[in-house]
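These values consider heavy atoms only, across backbone and side chains, with no hydrogens, waters or symmetry-generated copies.
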Amino acid sequence: MTEPPQRLAGGLGDADRAFRSAEQGGTGKDFDPAAVRAKYLEERDKRIVVGRADIRELDTDVQFADFRKDPFNPVEDREPVVNEVDAVIVGGGIAGVLAGANLRKAGVQRIRIIDEAGGIGGTWYWNRYPGVMCDVESYIYMPMLEELDFMPSQRYAVGEEIRGHLDAVAQRFDLNGDALFHTRVMCTEWLEDRSRWSVRTDRGDVIACRWYVLATGILNLMKLPTIEGMESFTGPSFHTARWDYEYTGGSPSEPLDRLSDKTVALIGTGASGIQCLAPLAESAKHVYVFQRTPSAVGVRDNRPTEPGFAERLEPNWQQDRMDNFQATILGVPVGADLVDDGWTHHYALVRNPPRPEGMAAPEYARSAEEVDFRIMETHRQRVADTVLDAATAEILKPQYRYLCKRPCFHDEFLPAFNNPNVTLIDCPAGIERITPSGLVVNGEKFDVDCIIYGTGFEAEMTSLPRRAHHVIVGRDNLDLATKWSGGASTLFGMLIRGFPNMFVMPAPGQQAVITVNYTQLAVLGAEFVGRMVSILEERGADVFEVSAKGEESWTRQIVESTVDASGFMSACTPSRLNFEGHPEQANPRNGNYGGGVGDWFGYRELLDRWLKAESFDGLELTMRSNSI
Ligand code: NAP
């Protein structure tokens with residue numbers, strides 16, 4: 001599992017070959033660790049400022065209430081639904097749809113997905129900003145391709161194609177008909193006398209169910225920063241996850257034809273910001289890009305799916321390809337690197353720098369730092385080679401270690417800065433102030449017609465009870481937020497004592513594992529849910545509960561395997577990965593199976609063995625009265 005990776009096989013496109021070759025031979029610059037560290041710390045310190053992580057509480061924020069509204073589909077009146085189903089799944093994104101599909105395969109009849117969105121898709125329902133794409137390869141990101149006999153049109157799929165595919169999966173498993181969309185679950189409570197969950201929504205629904213599946217995902221809560229004066233801005237403003245095409249015109253793939261006389265502010269240069277800049281630059285009169293921290297923007301090299309690709313694939317190819325990707329990322333030797341992109345080259349290499357036999361730990365740490373430096377240099381060189389204005393290029397160069405932030409991959413973001421109508425505004429300490437007509441940075445005012453917040457989400461570092469976005473009350477009136485106030489406690493990162501018959505889809509930071517390809521984790525979680533329900537049904541079990549011993553032992557394992565990354569993380573630029581500059585906030589209880597990003601293959605094997613054994617170690621089962 002920990003052997004150094006073999007050098008990965010080639011197959012690169014022309015566009016990125018030159019970029020990547022630099023990582024082999026270096027960039028000609030000598031590596032001076034002390035100087036590099038000093039530079040990184042200097043850049044970090046510019047960004048550690050009071051209030052950096054302050055965000056608005058969108059649920060209760062009256063002034064920004066419109067930010068949550070669905071701009072894509074009208075909310076239709078309907079009567080409240082009061083009934084009982086077999087399973088309620090909260091969330092109709094990838095995890096929810098896959099959980100539904102697997103429950104259906106397990107023979108569960110009445111399945112009700114509930115989602116705040118107006119349809120299937122989750123993240124891909126809401127994120128329809130121009131240029132929206134997935135930066136994980138479509139052939140491993142879009143689930144159930146073999147089952148649906150579907151082949152994505154490109155190596156990296158656009159949002160619309162992903163959303164359409166998820167909808168097709170939902171239809172295949174008959175999940176749309178009973179779904180309740182534009183509906184937020186407010187409170188769910190375990191009814192001990194009936195052994196059922198009772199789910200209450202903001203539409204007056206009261207739905208009882210036997211199985212309760214939390215599939216709320218990791219990108220469901222938009223992050224809107226608190227910026228002085230932002231409520232005084234008189235023009236339109238919106239988050240990238242609620243793009244206002246009424247105002248901009250166009251569509252995710254068409255020019256934004258109402259912006260030709262508009263000056264636009266784009267705040268944020270993370271994965272969303274970098275994807276929507278080029279379409280904005282194409283259509284708007286002017287775009288000011290407000291950048292707090294530059295992203296490392298690697299080569300994407302998107303291209304249409306090659307003719308004949310599908311025909312060459314063997315049965316079970318998608319699972320094999322996902323495994324191949326995951327192994328490569330974890331540094332497990334694989335014959336060929338099938339995905340062969342920035343993740344499997346740069347990310348995998350930085351995670352698992354080669355360690356020649358006999359190399360001592362300090363030497364290895366230095367060599368790892370040098371590998372990291374060379375890769376970051378290739379990113380900085382890419383900026384210098386692409387962006388013509390030297391001052392702008394300097395600001396766009398990422399000055400931190402590669403794993404300090406989630407890397408991005410894009411080919412049109414950097415060239416957009418060569419357009420005369422795009423201006424980069426460097427604001428490492430954030431935006432100073434917003435006025436009725438514009439934004440102020442370092443005392444300089446930039447007048448704009450519209451502000452677009454590409455400021456991201458409360459992702460995996462936000463704890464599950466908050467991301468669940470509703471109150472969950474289990475046995476003995478204990479709610480999940482209270483239970484987890486000191487950190488996560490689970491069995492397998494999916495089952496929680498005191499919350500019988502409830503499944504939590506696995507996610508980073510809750511005692512499961514982390515995957516770059518979220519879909520692979522969702523597939524695993526969904527198959528686990530389906531298989532477990534099927535076995536419980538066969539055995540005649542009515543209720544499962546996690547035993548105290550089962551939960552304690554899993555949680556202890558997680559805590560004991562924690563890898564303390566606070567040294568590395570404290571030298572990083574602030575980001576959500578180090579709690580915005582406070583790595584000491586990392587809670588070992590919220591770690592992953594196997595420590596660090598987790599032992600994916602070990603975790604999967606363990607779940608498989610546990611299901612096959614059918615002994616349900618760590619659970620207490622209540623059998624139906626007529627069962628044997
Ligand atoms: P993000 O990566 O968190 O980026 C948010 C951006 O807003 C950052 O540039 C951040 O600056 C900036 N920002 C936040 N508050 C600010 C303030 N007060 N003033 C100025 N700038 C501010 O969010 P995201 O781009 O939406 O992506 C979130 C996650 O979604 C990603 O990690 C990724 O997993 C996922 N995503 C994936 C794809 C994909 O293709 N797979 C596409 C989009 C999103 P700092 O960097 O300084 O914090």
Side-chain angles (χ1 to χ4, degrees), residues 7-8 10-44 46-47 135 269-271 273-275 277-278 281 289 291-302 337 340-354 366-419 422 424 426 428 571-573 575:
R7 190 63 211 137
L8 306 167
L12 304 175
D14 285 343
D16 64 0
R17 193 177 283 114
F19 176 58
R20 287 175 183 171
S21 69
E23 107 200 12
Q24 301 303 305
T27 56
K29 282 196 186 169
D30 282 335
F31 173 54
D32 175 351
V36 173
R37 281 179 216 156
K39 172 70 179 164
Y40 288 179
L41 291 179
E42 184 196 343
E43 290 294 327
R44 176 200 68 177
K46 288 184 194 169
R47 291 168 173 85
D135 61 15
T269 51
I274 70 156
Q275 289 184 347
L277 176 61
V289 182
Q291 175 191 267
R292 197 162 66 170
T293 315
S295 285
V297 185
V299 170
R300 156 156 275 179
D301 194 17
N302 200 7
D337 168 13
D340 190 19
D341 69 0
W343 288 112
T344 64
H345 283 251
H346 291 145
Y347 191 82
L349 186 61
V350 180
R351 283 225 90 90
N352 319 283
R366 190 198 176 283
S367 130
E369 200 174 347
E370 181 162 357
V371 167
D372 189 305
F373 169 75
R374 302 262 173 240
I375 286 177
M376 289 309 283
E377 276 291 296
T378 63
H379 285 81
R380 293 187 278 261
Q381 194 59 46
R382 187 181 193 215
V383 178
D385 292 345
T386 312
V387 178
L388 301 175
D389 178 65
T392 303
E394 214 43 44
I395 302 166
L396 285 165
K397 290 179 183 172
Q399 305 286 358
Y400 47 81
R401 287 185 69 161
Y402 190 68
L403 298 180
C404 289
K405 282 178 85 67
R406 186 185 190 275
C408 295
F409 304 93
H410 211 265
D411 296 338
E412 290 83 37
F413 172 72
L414 293 172
F417 290 95
N418 295 331
N419 292 349
V422 176
L424 179 67
D426 184 25
C572 276
T573 192
S575 81

Checklist entry - Which heavy-atom pair separates Val371 from Pro353 by the least distance, and what is that distance? => result CG2-CB, 4.3 Å
Checklist entry - Would a 4.5 Å heavy-atom cut-off, applied to side chains only, mark Asp301 and Asp341 as touching? => result no
Checklist outcome for this item: dist Asn418:CG -> Thr392:OG1 (nearest 0.5 Å) comes out at 8.5 Å
Next on the checklist: To check you understand the geometry: which heavy-atom pair defines the closest contact between Ala416 and Ala278, and what is its length?
Outcome noted: CB-CA, 4.5 Å
Item to check | Thr573 side chain vs Tyr40 backbone, donor-acceptor pair below 3.5 Å | outcome: no
Checklist entry - Who pairs with Arg380 by salt bridge (charged side-chain N to carboxylate O under 4.0 Å, His left out), at least two apart in sequence or on another chain? => result Glu377
Checklist entry - Excluding sequence neighbours, so at least two apart, what forms salt bridge (charged side-chain N to carboxylate O under 4.0 Å, His left out) with Asp372? => result Arg401
Checklist entry - Taking only residues two or more places apart in sequence, or in another chain, which ones meet Cys408 in a disulfide (SG to SG under 2.5 Å)? => result none
Item to check | Trace of the side chain to side chain contact (heavy atoms under 4.5 Å, CB included) decision for Ile375 with His345 | outcome: CA-CA 10 Å; Ile375 286 177; His345 283 251; over 6 Å; no
Checklist outcome for this item: All heavy atoms of Ala281 vs all of Asn419, minimum pair found to be CB-ND2, 3.7 Å
Checklist outcome for this item: CZ of Arg374 to NE2 of His346, rounded to nearest 0.5 Å, is 13.0 Å
Item to check | Heavy-atom closest pair, residues Ala296 and Pro398 | outcome: CA-CG, 3.8 Å
Next on the checklist: Show the nearest heavy-atom pair for residues Cys404 and Ser575, with the distance to one decimal.
Outcome noted: O-OG, 3.0 Å
Checklist entry - When you check the gap from the basic side-chain N to the acidic O, do Asp135 and Arg406 get nearer than 4.0 Å? => result yes
Item to check | Partners meeting ring-ring contact (aromatic ring centres under 6.0 Å, His included) with Phe417 (sequence neighbours left out) | outcome: Phe413
Item to check | Gln291 side chain near Leu424 side chain, heavy-atom distance below 4.5 Å | outcome: yes
Item to check | Between CG on residue Asp411 and CG on residue Asn302, distance to nearest 0.5 Å | outcome: 8.5 Å
Checklist entry - Does some side-chain heavy atom of Pro428 sit less than 4.5 Å from a side-chain heavy atom of Glu43? => result no
Next on the checklist: Restricting to side-chain hydrogen bond (donor to acceptor under 3.5 Å, both in side chains), what partner residues turn up for Lys397, sequence neighbours left out?
Outcome noted: Glu394
Next on the checklist: Rounded at 0.5 Å granularity, tell me how far CZ in Arg351 sits from OH in Tyr402.
Outcome noted: 11.0 Å
Next on the checklist: Please report the interatomic distance OG(Ser295) to CZ(Phe409), rounded to the nearest 0.5 Å.
Outcome noted: 10.5 Å
Checklist entry - Between Arg366 and Glu369, is there a side-chain N and carboxylate O pair less than 4.0 Å apart? => result no
Checklist entry - Can you find a pair of side-chain heavy atoms, one from Tyr400 and one from Arg47, that are under 4.5 Å apart? => result no
Checklist entry - Can you tell me how far the CH2 atom of Trp343 sits from the CG atom of Leu349, to the nearest 0.5 Å? => result 14.5 Å
Next on the checklist: For Arg44, give me all partners under salt bridge (charged side-chain N to carboxylate O under 4.0 Å, His left out), at least two apart in sequence or on another chain.
Outcome noted: none
